[in-house]
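Each remark here refers to the structure printed beneath this line.
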2 protein chains.
Amino acid sequence: MAAPARALAPSPESSARALGAKQDARRDQLAESALETLGELGYARTSLREIAAKSPFSHGVVHYYFASKSELIAYCVRYYKARCVTRYDAIVADSSTAEELRAAFAAKLAETLRDEAPMHRLWYDLRTAAYFEPDLREAVVEIDAGLEAMIWRIIERYADLARARPSFDSPTTYAVLDGLFESALTQATLGDPAAAGQRLEASAAAVLPTLISLHP
Amino acid sequence: MAAPARALAPSPESSARALGAKQDARRDQLAESALETLGELGYARTSLREIAAKSPFSHGVVHYYFASKSELIAYCVRYYKARCVTRYDAIVADSSTAEELRAAFAAKLAETLRDEAPMHRLWYDLRTAAYFEPDLREAVVEIDAGLEAMIWRIIERYADLARARPSFDSPTTYAVLDGLFESALTQATLGDPAAAGQRLEASAAAVLPTLISLHP
DNA sequence: CGACGATCTTGACACTCGTCAAGACTTTGT
DNA sequence: ACAAAGTCTTGACGAGTGTCAAGATCGTCG
């Protein structure tokens, strides 16, 4: 017996800093195994033993690094967020015309639908799970706000390049594009993945112009 | 011990017809209790015992009328669908101008968001649960198609009244409006319900005109 | 090298779940 | 009114869960 799970104590300096770093590294490693499992099985059907099975460790280790399942999930969710919110920043920075941005954005949407479907499924699963599990709400609201801001940056840039202005406010614009993406993800999962990618690229490219209006 | 759960035998005529009707009535009653529970707790957290607790019966009865949990869920899902797919038909039939339809549709969206939030939460929960549970897929795909057709009828009528044509195809149009609704449902559940209703009505009214285009 | 602390494994606990069976109760048919 | 069929309750089973604690193992430092 030794260190408590999720020791919050500042720890006695010296080698403790490196020690804390090692613990964080292990936590990240477990979070990756957890995300892999969550992406495959979904939130409700993922058990700690299943997560451990996808890692090099036994199920006790999970409880050694995380005080509870809720804490593990919260850690995973924030770990996941860090990667996805900057997904389109390069497109915003690199595009020099509205048409270029429109095509690049639609293509990138289809690409991430193809390459990261399990993570997207997990995200929508977590968001609806938050309807029923208050523990998840804080993290979900935070991520959703991050995604909305990400979309808004794209639309503002798109409007700028087109010498136009966004037609709708940020939440509405995000809701429209999120609807297109979730619809495509559903088709990709329950139907034809290849067709879903093509349809998403086409529908996003088609809808994008309606999200901005020419100057008054 | 007696009748098998979910007896599929044609049954010996005479009084069997009425008997089957009684069983169907009980099944419907259990389905209503189940839907109430599912709407409150969500799919993953709803147990047969919890469903029975919300009914006048004990947990054994559920297994008496349904061979398995999957069968109960499937029955519930179709029972639920019968009610929701015709929700906007009156609006389509009664509106005589595009503006009237637009306002009535936006108002009805906000109304059902307010009055039937648990059922809507359940629907989105089931749809994402289907990502991970193949048993649910058939029913989910069927309901989703029904909802898409429902929306398409509205948009076609709206376009007719406005002497215009739908801007996008049926799946895209449905995805856009579904995105608006899910976004509002999330705000209603995780944030401010009253604000969510107002925002949904406003955003739907604002987006609707972009879903049709003037004649060529 | 020996000891100590950190890390990991193993096994157990209390609980919930879907499923099922035995029997009690109710309704129906004759 | 009696018997048969239908209906419902009760209690149990095995499997799976999160949680936790005791001990084995490893690395590191005096």
Side-chain angles (χ1 to χ4, degrees), chain A residues 1-7 9 11-30 33-34 37-38 41-76 133 135, chain B residues 1-9 11-30 33-34 37-38 41-53 55-76 133 135:
Chain A
M1 63 207 96
R6 200 70 268 251
S11 65
E13 295 307 321
S14 67
S15 69
R17 188 58 45 91
L19 195 141
K22 268 193 179 179
Q23 291 192 353
D24 281 351
R26 184 67 85 228
R27 262 189 276 268
D28 287 356
Q29 187 182 8
L30 287 172
S33 300
T37 311
L38 287 163
L41 305 181
Y43 172 73
R45 289 152 289 283
T46 294
S47 70
L48 298 182
R49 284 169 174 81
E50 200 81 33
I51 291 172
K54 292 244 177 205
S55 83
F57 309 104
S58 68
H59 70 272
V61 176
V62 180
H63 184 259
Y64 181 75
Y65 286 98
F66 299 95
S68 68
K69 187 180 183 181
S70 300
E71 193 180 300
L72 169 63
I73 298 291
Y75 191 91
C76 286
E133 296 216 358
D135 281 3
Chain B
M1 62 212 79
R6 201 70 268 252
L8 293 176
S11 63
E13 296 305 322
S14 68
S15 67
R17 187 60 42 92
L19 195 144
K22 269 193 178 176
Q23 290 192 354
D24 282 352
R26 184 68 85 228
R27 263 188 274 267
D28 286 355
Q29 186 182 7
L30 287 172
S33 299
T37 310
L38 287 163
L41 304 181
Y43 172 74
R45 288 153 291 282
T46 293
S47 70
L48 298 183
R49 285 170 175 82
E50 200 81 33
I51 291 172
S55 82
F57 308 104
S58 69
H59 69 273
V61 176
V62 180
H63 183 259
Y64 180 75
Y65 285 97
F66 299 94
S68 69
K69 187 181 184 181
S70 301
E71 192 180 300
L72 168 63
I73 298 292
Y75 191 91
C76 286
E133 297 216 0
D135 280 3

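In what follows, chains carry the letters A, B, and so on, assigned in the order in which the sequence lines appear, proteins first and then strands, with residues in each chain numbered from 1. Basis for what follows: all heavy atoms, side chains included, without hydrogens, waters or symmetry-related copies.
Taking only side-chain atoms of A/Tyr64, from C-beta outward, the nucleotide of C/dT9, C/dT7, D/dG6 with the closest atom is C/dT7.
For D/dC20, the OP1/OP2 oxygens have a side-chain nitrogen or oxygen of A/His63 closer than 4.0 Å. An OP1 or OP2 oxygen of C/dA6 is reached within less than 4.0 angstrom by no side-chain nitrogen or oxygen of A/Gln23. Not one side-chain nitrogen or oxygen of B/Ser58 sits closer than 4.0 Å to the OP1 or OP2 atom of D/dT10. B/Lys22 has a side-chain polar atom (N or O) that falls below the 4.0 Å cut-off from OP1 or OP2 of C/dT28. Neither OP1 nor OP2 of C/dT16 sits under 4.0 Å from any side-chain N or O of B/Ser47.
Within the 4.5 Å cutoff, the side chain of B/Thr46 has no heavy atoms near those of the B/Ile73 side chain. Side-chain contact check for A/Gln29 versus A/Pro56: some heavy-atom pair is nearer than 4.5 Å. In this structure the side chain of A/Leu30 never reaches within 4.5 angstrom of the side chain of A/Ile51, judged on heavy atoms.
For B/Asp24 and D/dT7, the CG to P distance is 11 Å, given to the nearest whole Å. The distance between atom NE2 of B/His59 and atom P of D/dA12, rounded to the nearest whole Å, is 11 Å. Atom CZ of A/Arg45 and atom P of C/dC17 are 16 Å apart (whole Å). A/Phe57 places its CZ atom 14 Å from the C1' atom of D/dT25, with the value rounded to the nearest Å. Per the geometry, CZ belonging to B/Arg27 stands 13 Å off C1' belonging to D/dT7, to the nearest Å. D/dC8 atom P lies 12 Å from atom CZ of B/Phe66, rounded to whole Å. Residue B/Lys69 contributes atom NZ, which lies 15 Å from atom P of C/dC20 at whole-angstrom precision. For the pair B/Arg26 CZ and C/dT26 C1', the computed distance is 12 Å after rounding to whole Å.
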* Apply the test side chain to side chain donor-acceptor pair (under 3.5 Å) to residues A/Gln23 and A/Arg26: give CA-CA distance (whole Å), side-chain angles for both, the deciding distance (0.1 Å), then the verdict. => CA-CA 5 Å; A/Gln23 291 192 353; A/Arg26 184 67 85 228; over 6 Å; no

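The OH atom of A/Tyr65 sits 13.5 Å away from the CD atom of A/Glu71 when rounded to the nearest 0.5 Å.
On a pure distance criterion of 3.5 Å, a polar donor-acceptor pair joins the side chain of A/Arg49 and the base of D/dG18.
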